[in-house]
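Everything quoted here is computed from the prediction, not taken from an experiment.
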There are 2 protein chains.
Amino acid sequence: MSYLMASDTTSIKCGECPIRHRAVCSKCEPNELTSLDSLKYYRTVEAGQTIVWCGDEMDFVASIVSGIATLSQTMEDGRTQMVGLLLPSDFVGRPGRAQAAYDVTATTDVTLCCFRKKPFEELMMRTPHIGQRLLEMTLDELDAAREWMLLLGRKTAREKIATLLAIIIRRDASLNLKADGGPLEFDLPLTREAMADYLGLTLETVSRQVSALKREGVIELRGKRHIIVHDMDRLLEETGDDSDGGILT
Amino acid sequence: MSYLMASDTTSIKCGECPIRHRAVCSKCEPNELTSLDSLKYYRTVEAGQTIVWCGDEMDFVASIVSGIATLSQTMEDGRTQMVGLLLPSDFVGRPGRAQAAYDVTATTDVTLCCFRKKPFEELMMRTPHIGQRLLEMTLDELDAAREWMLLLGRKTAREKIATLLAIIIRRDASLNLKADGGPLEFDLPLTREAMADYLGLTLETVSRQVSALKREGVIELRGKRHIIVHDMDRLLEETGDDSDGGILT
DNA sequence: GTATGGCATTGATCAGGATCAAACGGACAA
DNA sequence: TTGTCCGTTTGATCCTGATCAATGCCATAC
(Lines give C-alpha, C1' and ligand atoms only; values in the text may rest on other atoms or scores of the structure.)
Protein backbone atom coordinates (compact mmCIF):
# COMPACT_ATOMS: atom_id res chain seq x y z
CA MET A 1 0.00 0.00 0.00
CA SER A 2 2.89 2.39 0.50
CA TYR A 3 2.86 2.55 -3.21
CA LEU A 4 5.51 5.02 -4.06
CA MET A 5 8.25 3.90 -1.79
CA ALA A 6 8.22 0.27 -2.87
CA SER A 7 11.57 -1.15 -3.88
CA ASP A 8 13.36 2.15 -3.49
CA THR A 9 16.02 0.30 -1.59
CA THR A 10 17.37 -1.35 -4.70
CA SER A 11 17.28 1.68 -6.96
CA ILE A 12 20.50 3.49 -7.58
CA LYS A 13 21.83 6.93 -8.21
CA CYS A 14 23.33 7.78 -11.55
CA GLY A 15 26.14 10.22 -12.05
CA GLU A 16 25.68 13.53 -10.32
CA CYS A 17 21.91 13.24 -9.87
CA PRO A 18 21.05 13.58 -6.19
CA ILE A 19 18.07 11.25 -6.58
CA ARG A 20 17.57 7.58 -7.20
CA HIS A 21 16.34 6.76 -10.68
CA ARG A 22 13.68 4.21 -9.94
CA ALA A 23 13.63 3.02 -13.54
CA VAL A 24 17.02 1.39 -13.13
CA CYS A 25 18.23 -0.69 -10.24
CA SER A 26 21.23 -2.27 -8.67
CA LYS A 27 20.69 -5.40 -10.73
CA CYS A 28 21.64 -3.52 -13.87
CA GLU A 29 25.07 -4.17 -15.32
CA PRO A 30 27.58 -1.33 -14.95
CA ASN A 31 27.83 -0.91 -18.70
CA GLU A 32 24.07 -0.46 -18.92
CA LEU A 33 24.27 2.26 -16.32
CA THR A 34 27.09 3.88 -18.21
CA SER A 35 25.06 3.96 -21.39
CA LEU A 36 22.14 5.44 -19.47
CA ASP A 37 24.47 8.08 -18.07
CA SER A 38 25.67 8.99 -21.54
CA LEU A 39 22.10 9.61 -22.71
CA LYS A 40 21.04 12.06 -20.12
CA TYR A 41 20.72 15.82 -20.06
CA TYR A 42 19.16 18.24 -17.60
CA ARG A 43 16.29 20.62 -18.01
CA THR A 44 14.96 23.15 -15.55
CA VAL A 45 11.46 24.59 -15.53
CA GLU A 46 10.13 27.49 -13.46
CA ALA A 47 7.23 27.20 -11.08
CA GLY A 48 3.94 27.57 -12.91
CA GLN A 49 5.36 26.71 -16.33
CA THR A 50 3.93 23.86 -18.35
CA ILE A 51 6.53 21.23 -19.21
CA VAL A 52 4.50 19.58 -21.97
CA TRP A 53 0.96 20.11 -23.19
CA CYS A 54 -1.42 17.26 -23.79
CA GLY A 55 -0.96 16.23 -27.42
CA ASP A 56 2.58 17.57 -27.77
CA GLU A 57 5.21 15.39 -29.37
CA MET A 58 7.44 14.06 -26.60
CA ASP A 59 10.91 13.00 -27.65
CA PHE A 60 12.15 12.31 -24.14
CA VAL A 61 11.38 10.51 -20.92
CA ALA A 62 12.67 11.83 -17.61
CA SER A 63 13.07 11.48 -13.88
CA ILE A 64 12.13 14.35 -11.60
CA VAL A 65 15.34 15.43 -9.87
CA SER A 66 13.91 18.21 -7.72
CA GLY A 67 10.64 20.07 -7.38
CA ILE A 68 7.07 18.98 -7.94
CA ALA A 69 5.08 18.52 -11.13
CA THR A 70 1.52 17.51 -11.85
CA LEU A 71 -0.31 15.62 -14.58
CA SER A 72 -3.72 16.99 -15.37
CA GLN A 73 -6.61 16.79 -17.79
CA THR A 74 -8.79 19.72 -18.82
CA MET A 75 -12.27 19.63 -20.33
CA GLU A 76 -13.35 22.02 -23.07
CA ASP A 77 -15.10 24.29 -20.60
CA GLY A 78 -12.06 24.55 -18.36
CA ARG A 79 -12.90 22.05 -15.64
CA THR A 80 -9.62 20.38 -14.75
CA GLN A 81 -8.72 17.27 -12.81
CA MET A 82 -5.27 16.41 -11.62
CA VAL A 83 -4.45 12.76 -12.39
CA GLY A 84 -0.86 12.50 -11.24
CA LEU A 85 1.45 14.13 -8.72
CA LEU A 86 5.16 13.78 -9.47
CA LEU A 87 7.79 14.05 -6.77
CA PRO A 88 11.58 13.67 -7.03
CA SER A 89 12.57 10.26 -8.46
CA ASP A 90 9.20 9.84 -10.21
CA PHE A 91 9.21 9.03 -13.90
CA VAL A 92 7.68 11.16 -16.65
CA GLY A 93 6.72 9.98 -20.09
CA ARG A 94 5.94 6.70 -21.69
CA PRO A 95 8.11 4.50 -23.81
CA GLY A 96 6.13 3.57 -26.89
CA ARG A 97 3.99 6.67 -27.01
CA ALA A 98 4.81 9.65 -29.19
CA GLN A 99 2.37 12.22 -27.82
CA ALA A 100 1.81 13.38 -24.28
CA ALA A 101 -1.58 12.27 -22.96
CA TYR A 102 -1.75 14.89 -20.20
CA ASP A 103 -0.59 18.38 -19.37
CA VAL A 104 2.57 18.24 -17.26
CA THR A 105 3.03 21.36 -15.15
CA ALA A 106 5.69 22.45 -12.69
CA THR A 107 4.09 23.63 -9.44
CA THR A 108 7.47 24.53 -8.00
CA ASP A 109 10.77 25.06 -9.82
CA VAL A 110 11.58 21.69 -11.31
CA THR A 111 14.74 20.00 -12.53
CA LEU A 112 14.36 17.04 -14.84
CA CYS A 113 16.93 14.45 -15.76
CA CYS A 114 15.90 13.67 -19.34
CA PHE A 115 16.76 10.78 -21.64
CA ARG A 116 16.12 11.03 -25.34
CA LYS A 117 13.34 8.63 -26.01
CA LYS A 118 14.58 6.61 -28.93
CA PRO A 119 17.93 5.64 -27.35
CA PHE A 120 16.20 5.01 -24.04
CA GLU A 121 13.78 2.63 -25.73
CA GLU A 122 16.66 0.85 -27.40
CA LEU A 123 18.43 0.50 -24.08
CA MET A 124 15.20 -0.85 -22.63
CA MET A 125 15.04 -3.50 -25.33
CA ARG A 126 18.57 -4.65 -24.54
CA THR A 127 18.00 -4.52 -20.79
CA PRO A 128 15.04 -6.54 -19.51
CA HIS A 129 15.56 -5.25 -15.96
CA ILE A 130 14.58 -1.76 -16.98
CA GLY A 131 11.34 -2.94 -18.52
CA GLN A 132 10.58 -5.01 -15.44
CA ARG A 133 11.28 -2.07 -13.20
CA LEU A 134 9.03 0.10 -15.33
CA LEU A 135 6.29 -2.52 -15.06
CA GLU A 136 6.57 -2.47 -11.26
CA MET A 137 6.45 1.30 -11.19
CA THR A 138 3.46 1.40 -13.51
CA LEU A 139 1.61 -1.13 -11.37
CA ASP A 140 2.31 1.03 -8.32
CA GLU A 141 0.97 4.06 -10.15
CA LEU A 142 -2.12 2.10 -11.10
CA ASP A 143 -2.71 1.28 -7.43
CA ALA A 144 -2.27 4.93 -6.54
CA ALA A 145 -4.76 5.91 -9.25
CA ARG A 146 -7.29 3.43 -7.88
CA GLU A 147 -6.96 4.69 -4.34
CA TRP A 148 -7.42 8.16 -5.78
CA MET A 149 -10.59 6.98 -7.53
CA LEU A 150 -12.06 5.92 -4.18
CA LEU A 151 -11.24 9.36 -2.85
CA LEU A 152 -12.82 11.15 -5.80
CA GLY A 153 -15.93 8.99 -5.95
CA ARG A 154 -16.83 8.33 -2.37
CA LYS A 155 -15.07 10.55 0.14
CA THR A 156 -16.45 13.74 1.69
CA ALA A 157 -14.64 17.06 1.38
CA ARG A 158 -13.33 16.66 4.91
CA GLU A 159 -12.01 13.19 4.21
CA LYS A 160 -10.45 14.33 0.95
CA ILE A 161 -8.44 17.07 2.65
CA ALA A 162 -7.24 14.79 5.43
CA THR A 163 -6.28 12.15 2.88
CA LEU A 164 -4.32 14.63 0.78
CA LEU A 165 -2.36 15.84 3.79
CA ALA A 166 -1.65 12.23 4.77
CA ILE A 167 -0.48 11.43 1.25
CA ILE A 168 1.83 14.42 1.11
CA ILE A 169 3.31 13.47 4.46
CA ARG A 170 3.69 9.86 3.40
CA ARG A 171 5.35 10.66 0.11
CA ASP A 172 7.72 13.34 1.35
CA ALA A 173 10.69 11.22 2.31
CA SER A 174 12.22 13.98 4.43
CA LEU A 175 9.14 13.95 6.66
CA ASN A 176 9.13 10.25 7.29
CA LEU A 177 12.57 10.47 8.81
CA LYS A 178 11.37 12.59 11.69
CA ALA A 179 8.00 10.88 12.01
CA ASP A 180 8.60 9.87 15.62
CA GLY A 181 9.67 13.28 16.90
CA GLY A 182 7.37 16.08 18.04
CA PRO A 183 4.67 17.72 15.89
CA LEU A 184 5.22 17.19 12.18
CA GLU A 185 5.91 20.33 10.14
CA PHE A 186 6.04 20.82 6.42
CA ASP A 187 5.31 23.20 3.58
CA LEU A 188 2.39 22.42 1.32
CA PRO A 189 3.81 22.05 -2.18
CA LEU A 190 0.46 22.93 -3.77
CA THR A 191 -1.72 26.03 -4.00
CA ARG A 192 -5.33 25.79 -2.81
CA GLU A 193 -6.34 25.61 -6.45
CA ALA A 194 -3.99 22.71 -7.15
CA MET A 195 -5.29 20.95 -4.06
CA ALA A 196 -8.81 21.45 -5.39
CA ASP A 197 -7.82 19.99 -8.75
CA TYR A 198 -6.30 17.03 -6.97
CA LEU A 199 -9.40 16.41 -4.88
CA GLY A 200 -12.21 17.21 -7.32
CA LEU A 201 -13.36 20.17 -5.20
CA THR A 202 -13.41 23.96 -5.59
CA LEU A 203 -10.67 26.00 -4.02
CA GLU A 204 -13.19 27.63 -1.68
CA THR A 205 -14.19 24.28 -0.24
CA VAL A 206 -10.54 23.37 0.21
CA SER A 207 -9.92 26.62 2.06
CA ARG A 208 -12.94 26.12 4.30
CA GLN A 209 -11.97 22.57 5.23
CA VAL A 210 -8.38 23.55 5.97
CA SER A 211 -9.71 26.34 8.19
CA ALA A 212 -11.99 23.84 9.95
CA LEU A 213 -9.06 21.51 10.70
CA LYS A 214 -7.20 24.52 12.06
CA ARG A 215 -10.17 25.66 14.17
CA GLU A 216 -10.40 22.18 15.68
CA GLY A 217 -6.73 22.14 16.59
CA VAL A 218 -5.80 19.20 14.36
CA ILE A 219 -3.33 21.35 12.44
CA GLU A 220 -1.83 24.81 12.78
CA LEU A 221 -1.05 27.17 9.93
CA ARG A 222 1.93 29.50 9.79
CA GLY A 223 1.42 31.69 6.81
CA LYS A 224 -0.65 30.02 4.11
CA ARG A 225 1.52 27.09 3.22
CA HIS A 226 3.41 25.99 6.31
CA ILE A 227 1.56 23.32 8.26
CA ILE A 228 2.16 21.93 11.73
CA VAL A 229 0.29 18.74 12.55
CA HIS A 230 -0.70 18.68 16.22
CA ASP A 231 -2.86 15.58 16.12
CA MET A 232 -1.66 13.08 13.55
CA ASP A 233 -3.91 10.29 14.84
CA ARG A 234 -6.97 12.48 14.46
CA LEU A 235 -5.85 13.49 10.96
CA LEU A 236 -5.52 9.83 9.98
CA GLU A 237 -8.97 9.05 11.42
CA GLU A 238 -10.43 11.83 9.34
CA THR A 239 -9.14 10.25 6.14
CA GLY A 240 -11.82 7.57 6.33
CA ASP A 241 -9.19 4.91 5.53
CA ASP A 242 -8.71 1.76 7.56
CA SER A 243 -6.57 2.73 10.50
CA ASP A 244 -4.20 -0.12 9.64
CA GLY A 245 -4.36 0.59 5.94
CA GLY A 246 -0.71 1.17 5.31
CA ILE A 247 -0.38 4.89 5.82
CA LEU A 248 2.88 5.54 7.59
CA THR A 249 3.32 1.90 8.45
CA MET B 1 -7.41 6.84 -26.51
CA SER B 2 -9.31 3.71 -27.44
CA TYR B 3 -7.36 2.26 -24.64
CA LEU B 4 -8.54 -1.27 -24.41
CA MET B 5 -8.43 -2.24 -28.00
CA ALA B 6 -4.86 -1.20 -28.60
CA SER B 7 -2.63 -3.87 -30.09
CA ASP B 8 -5.39 -6.45 -30.13
CA THR B 9 -4.45 -7.15 -33.69
CA THR B 10 -1.27 -8.91 -32.71
CA SER B 11 -2.65 -10.91 -29.81
CA ILE B 12 -3.36 -14.55 -30.34
CA LYS B 13 -5.69 -17.24 -29.20
CA CYS B 14 -4.39 -20.14 -27.18
CA GLY B 15 -5.80 -23.63 -27.30
CA GLU B 16 -9.54 -23.87 -27.05
CA CYS B 17 -10.09 -20.41 -25.49
CA PRO B 18 -12.46 -18.40 -27.68
CA ILE B 19 -10.71 -15.17 -26.72
CA ARG B 20 -7.41 -13.54 -27.41
CA HIS B 21 -5.01 -13.56 -24.48
CA ARG B 22 -3.63 -10.09 -24.63
CA ALA B 23 -0.70 -10.99 -22.38
CA VAL B 24 0.85 -13.05 -25.15
CA CYS B 25 1.23 -12.11 -28.76
CA SER B 26 2.11 -13.34 -32.18
CA LYS B 27 5.76 -12.52 -31.56
CA CYS B 28 5.96 -15.29 -28.98
CA GLU B 29 7.73 -18.47 -29.98
CA PRO B 30 5.51 -21.52 -30.48
CA ASN B 31 7.22 -23.34 -27.62
CA GLU B 32 6.42 -20.46 -25.29
CA LEU B 33 2.81 -20.68 -26.27
CA THR B 34 2.88 -24.40 -25.71
CA SER B 35 4.24 -23.97 -22.21
CA LEU B 36 1.56 -21.37 -21.53
CA ASP B 37 -1.05 -23.80 -22.75
CA SER B 38 0.25 -26.49 -20.43
CA LEU B 39 -0.16 -24.20 -17.41
CA LYS B 40 -3.74 -23.27 -17.82
CA TYR B 41 -6.94 -24.46 -16.22
CA TYR B 42 -10.49 -23.11 -16.30
CA ARG B 43 -12.65 -21.80 -13.53
CA THR B 44 -16.27 -20.69 -13.68
CA VAL B 45 -17.97 -18.32 -11.27
CA GLU B 46 -21.68 -17.57 -10.97
CA ALA B 47 -23.12 -14.09 -11.34
CA GLY B 48 -22.92 -12.20 -8.08
CA GLN B 49 -20.17 -14.37 -6.59
CA THR B 50 -16.92 -12.86 -5.44
CA ILE B 51 -13.90 -14.35 -7.19
CA VAL B 52 -11.33 -13.08 -4.68
CA TRP B 53 -11.62 -10.81 -1.69
CA CYS B 54 -9.24 -7.96 -1.08
CA GLY B 55 -6.39 -9.35 1.00
CA ASP B 56 -6.83 -12.98 -0.09
CA GLU B 57 -3.80 -14.94 -1.16
CA MET B 58 -3.86 -15.20 -4.93
CA ASP B 59 -1.93 -18.09 -6.41
CA PHE B 60 -3.05 -17.50 -9.97
CA VAL B 61 -3.36 -14.90 -12.68
CA ALA B 62 -6.05 -15.20 -15.35
CA SER B 63 -7.69 -13.95 -18.50
CA ILE B 64 -11.43 -13.38 -18.58
CA VAL B 65 -12.81 -15.79 -21.17
CA SER B 66 -16.47 -14.84 -20.94
CA GLY B 67 -18.67 -12.70 -18.73
CA ILE B 68 -17.96 -9.53 -16.83
CA ALA B 69 -16.16 -8.94 -13.55
CA THR B 70 -15.43 -5.85 -11.52
CA LEU B 71 -12.65 -4.66 -9.24
CA SER B 72 -13.85 -2.64 -6.28
CA GLN B 73 -12.80 -1.11 -3.01
CA THR B 74 -15.01 -0.82 0.06
CA MET B 75 -14.61 1.53 3.01
CA GLU B 76 -15.30 0.41 6.56
CA ASP B 77 -18.75 1.97 6.55
CA GLY B 78 -19.75 0.21 3.34
CA ARG B 79 -19.23 2.94 0.76
CA THR B 80 -17.84 1.19 -2.30
CA GLN B 81 -16.15 2.42 -5.45
CA MET B 82 -15.58 0.32 -8.50
CA VAL B 83 -12.01 0.77 -9.78
CA GLY B 84 -11.91 -1.67 -12.66
CA LEU B 85 -14.28 -3.26 -15.16
CA LEU B 86 -13.06 -6.50 -16.69
CA LEU B 87 -14.35 -7.77 -20.02
CA PRO B 88 -13.37 -10.87 -21.98
CA SER B 89 -9.62 -10.92 -22.76
CA ASP B 90 -8.81 -8.63 -19.82
CA PHE B 91 -6.16 -9.75 -17.39
CA VAL B 92 -6.70 -10.40 -13.66
CA GLY B 93 -4.02 -10.49 -11.05
CA ARG B 94 -0.54 -9.18 -10.71
CA PRO B 95 2.73 -10.97 -11.13
CA GLY B 96 4.88 -10.17 -8.11
CA ARG B 97 2.06 -9.61 -5.68
CA ALA B 98 0.86 -12.30 -3.30
CA GLN B 99 -2.38 -10.72 -2.05
CA ALA B 100 -5.31 -9.32 -3.95
CA ALA B 101 -5.57 -5.55 -3.57
CA TYR B 102 -9.25 -5.36 -4.53
CA ASP B 103 -12.44 -7.37 -4.41
CA VAL B 104 -12.99 -9.12 -7.72
CA THR B 105 -16.67 -9.89 -8.33
CA ALA B 106 -18.51 -11.58 -11.18
CA THR B 107 -21.45 -9.44 -12.31
CA THR B 108 -22.49 -12.05 -14.84
CA ASP B 109 -21.51 -15.72 -15.01
CA VAL B 110 -17.78 -15.66 -15.65
CA THR B 111 -15.29 -18.13 -17.07
CA LEU B 112 -11.64 -17.56 -16.29
CA CYS B 113 -8.62 -19.07 -17.97
CA CYS B 114 -6.21 -19.31 -15.05
CA PHE B 115 -2.46 -19.78 -14.90
CA ARG B 116 -0.78 -20.79 -11.67
CA LYS B 117 1.19 -17.78 -10.65
CA LYS B 118 4.62 -19.17 -9.90
CA PRO B 119 5.06 -20.97 -13.26
CA PHE B 120 3.56 -17.98 -15.07
CA GLU B 121 6.11 -15.69 -13.45
CA GLU B 122 8.90 -18.07 -14.43
CA LEU B 123 7.64 -18.10 -18.00
CA MET B 124 7.55 -14.32 -17.91
CA MET B 125 11.18 -14.22 -16.82
CA ARG B 126 12.20 -16.40 -19.74
CA THR B 127 10.01 -14.51 -22.20
CA PRO B 128 10.60 -10.75 -22.36
CA HIS B 129 7.71 -10.33 -24.81
CA ILE B 130 5.20 -11.25 -22.15
CA GLY B 131 6.57 -8.69 -19.72
CA GLN B 132 6.54 -6.04 -22.44
CA ARG B 133 2.99 -6.90 -23.33
CA LEU B 134 2.00 -6.71 -19.69
CA LEU B 135 3.66 -3.29 -19.46
CA GLU B 136 1.63 -2.06 -22.44
CA MET B 137 -1.56 -3.41 -20.95
CA THR B 138 -0.83 -1.85 -17.58
CA LEU B 139 -0.11 1.52 -19.18
CA ASP B 140 -3.43 1.28 -21.01
CA GLU B 141 -5.19 0.51 -17.74
CA LEU B 142 -3.48 3.48 -16.15
CA ASP B 143 -4.83 5.71 -18.91
CA ALA B 144 -8.29 4.28 -18.39
CA ALA B 145 -8.01 4.92 -14.65
CA ARG B 146 -7.02 8.53 -15.29
CA GLU B 147 -9.92 9.14 -17.65
CA TRP B 148 -12.11 7.60 -14.96
CA MET B 149 -10.64 10.05 -12.42
CA LEU B 150 -11.74 12.97 -14.57
CA LEU B 151 -15.22 11.48 -14.66
CA LEU B 152 -15.36 10.96 -10.90
CA GLY B 153 -13.90 14.32 -9.98
CA ARG B 154 -15.40 16.73 -12.45
CA LYS B 155 -18.35 15.37 -14.40
CA THR B 156 -22.03 15.87 -13.60
CA ALA B 157 -24.39 12.96 -13.03
CA ARG B 158 -25.77 13.38 -16.52
CA GLU B 159 -22.30 13.37 -18.06
CA LYS B 160 -21.31 10.36 -16.00
CA ILE B 161 -24.21 8.28 -17.26
CA ALA B 162 -23.62 9.25 -20.88
CA THR B 163 -19.92 8.48 -20.53
CA LEU B 164 -20.61 5.07 -19.01
CA LEU B 165 -22.93 4.13 -21.84
CA ALA B 166 -20.35 5.33 -24.37
CA ILE B 167 -17.63 3.30 -22.66
CA ILE B 168 -19.72 0.15 -22.61
CA ILE B 169 -20.51 0.59 -26.28
CA ARG B 170 -16.88 1.28 -27.11
CA ARG B 171 -15.55 -1.70 -25.21
CA ASP B 172 -18.11 -4.25 -26.34
CA ALA B 173 -16.42 -5.52 -29.47
CA SER B 174 -19.63 -7.07 -30.77
CA LEU B 175 -21.25 -3.62 -30.83
CA ASN B 176 -18.52 -1.93 -32.78
CA LEU B 177 -19.06 -4.30 -35.65
CA LYS B 178 -22.54 -2.99 -36.32
CA ALA B 179 -21.74 0.61 -35.46
CA ASP B 180 -22.74 1.89 -38.90
CA GLY B 181 -26.13 0.18 -39.09
CA GLY B 182 -29.38 1.46 -37.61
CA PRO B 183 -29.96 2.22 -33.93
CA LEU B 184 -27.46 0.52 -31.64
CA GLU B 185 -28.90 -2.07 -29.25
CA PHE B 186 -27.30 -3.81 -26.32
CA ASP B 187 -27.86 -5.23 -22.87
CA LEU B 188 -26.42 -3.36 -19.94
CA PRO B 189 -24.04 -5.76 -18.21
CA LEU B 190 -24.41 -3.94 -14.88
CA THR B 191 -27.19 -3.42 -12.35
CA ARG B 192 -28.14 0.13 -11.41
CA GLU B 193 -26.19 -0.35 -8.22
CA ALA B 194 -23.05 -1.46 -10.07
CA MET B 195 -23.43 1.53 -12.41
CA ALA B 196 -23.62 3.76 -9.34
CA ASP B 197 -20.47 2.19 -7.90
CA TYR B 198 -18.73 2.77 -11.21
CA LEU B 199 -19.76 6.42 -11.37
CA GLY B 200 -19.54 7.49 -7.74
CA LEU B 201 -23.30 8.12 -7.56
CA THR B 202 -26.26 6.56 -5.76
CA LEU B 203 -28.41 4.07 -7.59
CA GLU B 204 -31.39 6.44 -7.37
CA THR B 205 -29.48 9.14 -9.23
CA VAL B 206 -28.46 6.62 -11.86
CA SER B 207 -32.06 5.54 -12.31
CA ARG B 208 -33.28 9.13 -12.59
CA GLN B 209 -30.67 10.06 -15.18
CA VAL B 210 -31.38 6.97 -17.26
CA SER B 211 -35.07 7.86 -17.13
CA ALA B 212 -34.26 11.40 -18.19
CA LEU B 213 -32.30 10.18 -21.24
CA LYS B 214 -35.28 7.98 -22.07
CA ARG B 215 -37.77 10.83 -21.63
CA GLU B 216 -35.71 12.97 -24.00
CA GLY B 217 -35.64 10.28 -26.66
CA VAL B 218 -31.87 9.78 -26.63
CA ILE B 219 -32.29 6.14 -25.64
CA GLU B 220 -35.12 3.66 -25.36
CA LEU B 221 -35.45 0.98 -22.69
CA ARG B 222 -36.89 -2.47 -23.27
CA GLY B 223 -37.21 -4.05 -19.88
CA LYS B 224 -34.65 -2.75 -17.41
CA ARG B 225 -31.45 -3.75 -19.07
CA HIS B 226 -31.92 -3.67 -22.83
CA ILE B 227 -30.99 -0.32 -24.35
CA ILE B 228 -31.62 1.07 -27.81
CA VAL B 229 -29.65 4.19 -28.68
CA HIS B 230 -31.72 6.46 -30.92
CA ASP B 231 -29.38 9.44 -30.93
CA MET B 232 -25.75 8.42 -30.61
CA ASP B 233 -24.45 11.90 -31.48
CA ARG B 234 -26.48 13.43 -28.70
CA LEU B 235 -25.30 10.75 -26.28
CA LEU B 236 -21.68 11.53 -27.14
CA GLU B 237 -22.28 15.25 -26.70
CA GLU B 238 -23.70 14.59 -23.27
CA THR B 239 -20.48 12.88 -22.17
CA GLY B 240 -18.73 16.24 -21.96
CA ASP B 241 -15.72 14.77 -23.79
CA ASP B 242 -14.09 16.39 -26.80
CA SER B 243 -16.19 15.38 -29.76
CA ASP B 244 -13.02 14.21 -31.50
CA GLY B 245 -11.66 12.63 -28.38
CA GLY B 246 -11.30 9.12 -29.59
CA ILE B 247 -14.61 7.57 -28.72
CA LEU B 248 -15.63 5.31 -31.57
CA THR B 249 -12.96 6.68 -33.83
C1' DG C 1 -53.92 -18.08 -8.12
C1' DT C 2 -50.86 -15.66 -4.33
C1' DA C 3 -46.63 -14.81 -2.02
C1' DT C 4 -41.90 -13.62 -2.06
C1' DG C 5 -37.62 -11.40 -3.14
C1' DG C 6 -34.68 -8.76 -6.05
C1' DC C 7 -34.20 -4.77 -8.95
C1' DA C 8 -35.82 -0.53 -10.44
C1' DT C 9 -38.56 3.72 -10.45
C1' DT C 10 -40.47 7.74 -8.46
C1' DG C 11 -41.40 11.24 -4.93
C1' DA C 12 -40.32 14.47 -1.02
C1' DT C 13 -36.97 16.52 1.50
C1' DC C 14 -32.30 17.55 2.99
C1' DA C 15 -27.55 18.90 2.96
C1' DG C 16 -22.92 19.14 1.17
C1' DG C 17 -20.46 21.65 -1.98
C1' DA C 18 -20.71 24.93 -5.78
C1' DT C 19 -21.21 29.54 -7.07
C1' DC C 20 -21.02 34.43 -6.77
C1' DA C 21 -19.11 38.17 -4.37
C1' DA C 22 -16.36 40.79 -1.16
C1' DA C 23 -12.51 41.41 1.68
C1' DC C 24 -7.97 40.05 3.47
C1' DG C 25 -2.85 39.77 3.72
C1' DG C 26 1.70 39.35 2.35
C1' DA C 27 5.24 40.17 -1.31
C1' DC C 28 6.96 43.24 -4.28
C1' DA C 29 7.63 47.56 -6.92
C1' DA C 30 7.30 52.44 -7.53
C1' DT D 1 4.72 55.08 2.04
C1' DT D 2 1.22 53.56 -1.17
C1' DG D 3 -0.46 50.70 -4.72
C1' DT D 4 -0.94 46.43 -7.08
C1' DC D 5 -1.14 41.62 -7.61
C1' DC D 6 -1.95 37.08 -6.34
C1' DG D 7 -3.34 33.62 -3.52
C1' DT D 8 -6.45 33.01 0.16
C1' DT D 9 -10.33 33.51 3.38
C1' DT D 10 -14.99 34.23 4.47
C1' DG D 11 -19.93 35.11 3.69
C1' DA D 12 -24.60 34.46 1.44
C1' DT D 13 -27.21 31.86 -1.44
C1' DC D 14 -28.23 28.26 -4.76
C1' DC D 15 -28.50 23.73 -6.69
C1' DT D 16 -27.17 19.09 -7.60
C1' DG D 17 -27.21 14.83 -5.94
C1' DA D 18 -27.96 12.22 -1.39
C1' DT D 19 -31.21 10.35 1.68
C1' DC D 20 -35.39 8.33 3.23
C1' DA D 21 -39.52 6.17 1.89
C1' DA D 22 -43.13 4.20 -0.94
C1' DT D 23 -44.43 1.84 -4.98
C1' DG D 24 -43.85 -0.81 -9.27
C1' DC D 25 -42.34 -4.67 -12.03
C1' DC D 26 -41.22 -9.22 -12.98
C1' DA D 27 -39.46 -13.77 -12.24
C1' DT D 28 -39.70 -17.62 -9.42
C1' DA D 29 -41.71 -20.60 -5.89
C1' DC D 30 -45.53 -22.36 -3.47
Report the distance from atom [atom1] of [X] to atom [atom2] of [N], rounded to the nearest whole Å.
X: A:Leu203; N: C:dA23; atom1: CG; atom2: C1'; value: 15 Å
X: B:Met195; N: C:dA8; atom1: CE; atom2: P; value: 9 Å
X: A:Glu193; N: D:dC6; atom1: CD; atom2: C1'; value: 11 Å
X: A:Asp197; N: C:dG17; atom1: CG; atom2: C1'; value: 16 Å
X: A:Leu221; N: C:dC24; atom1: CG; atom2: C1'; value: 15 Å
X: B:Asp187; N: C:dC7; atom1: CG; atom2: P; value: 16 Å
X: B:Leu199; N: D:dA18; atom1: CG; atom2: P; value: 10 Å
X: B:Gln209; N: C:dG11; atom1: CD; atom2: P; value: 14 Å

Between [X] (side chain only) and [Y] (backbone N and O only), is there a donor and an acceptor less than 3.5 Å apart?
X: A:Asp109; Y: A:Ala47; value: yes
X: B:Glu220; Y: B:Ile227; value: no
X: B:Asp103; Y: B:Thr105; value: no
X: B:Ser207; Y: B:Leu203; value: no
X: A:Arg171; Y: A:Leu85; value: yes

Describe the nucleic acid contact of [X] in one word from base, sugar-phosphate, nothing, applying a heavy-atom distance below 4.0 Å.
X: B:Arg225; answer: sugar-phosphate
X: A:Ser207; answer: base
X: A:Leu190; answer: nothing

Side-chain N or O of B:Thr191 closer than 4.0 Å to phosphate OP1/OP2 of C:dG6 = no
Polar pairs (N or O, both sides) under 3.5 Å between protein and nucleotides 18-20 of chain C?
{"unit_1": "C:dA18", "atom_1": "OP2", "unit_2": "A:Thr202", "atom_2": "N", "d": "3.3"}
{"unit_1": "C:dA18", "atom_1": "OP2", "unit_2": "A:Thr202", "atom_2": "OG1", "d": "3.0"}
{"unit_1": "C:dA18", "atom_1": "OP2", "unit_2": "A:Thr205", "atom_2": "OG1", "d": "2.4"}
{"unit_1": "C:dT19", "atom_1": "O4", "unit_2": "A:Arg208", "atom_2": "NH2", "d": "2.9"}
{"unit_1": "C:dC20", "atom_1": "N4", "unit_2": "A:Glu204", "atom_2": "OE2", "d": "3.1"}

The single option from A:Thr205, A:Val206, A:Leu201 passing side-chain contact (heavy atoms from CB on, under 4.5 Å) against A:Lys160 | A:Leu201
Nearest heavy-atom approach of A:Leu86 to A:Val92 is CD1-CG2, 3.8 Å
What does the list of N/O pairs under 3.5 Å between the protein and nucleotides 22-26 of chain D look like, with a distance for each?
none

Check: B:Leu152 and B:Gln81 side chains under 4.5 Å, non-hydrogen atoms = yes
Contact check, side chains of A:Arg154 and B:Asp197, non-hydrogen atoms, under 4.5 Å = yes
Of the candidates D:dG17, C:dT9, D:dT8, the side chain of A:Arg192 sits closest to D:dT8
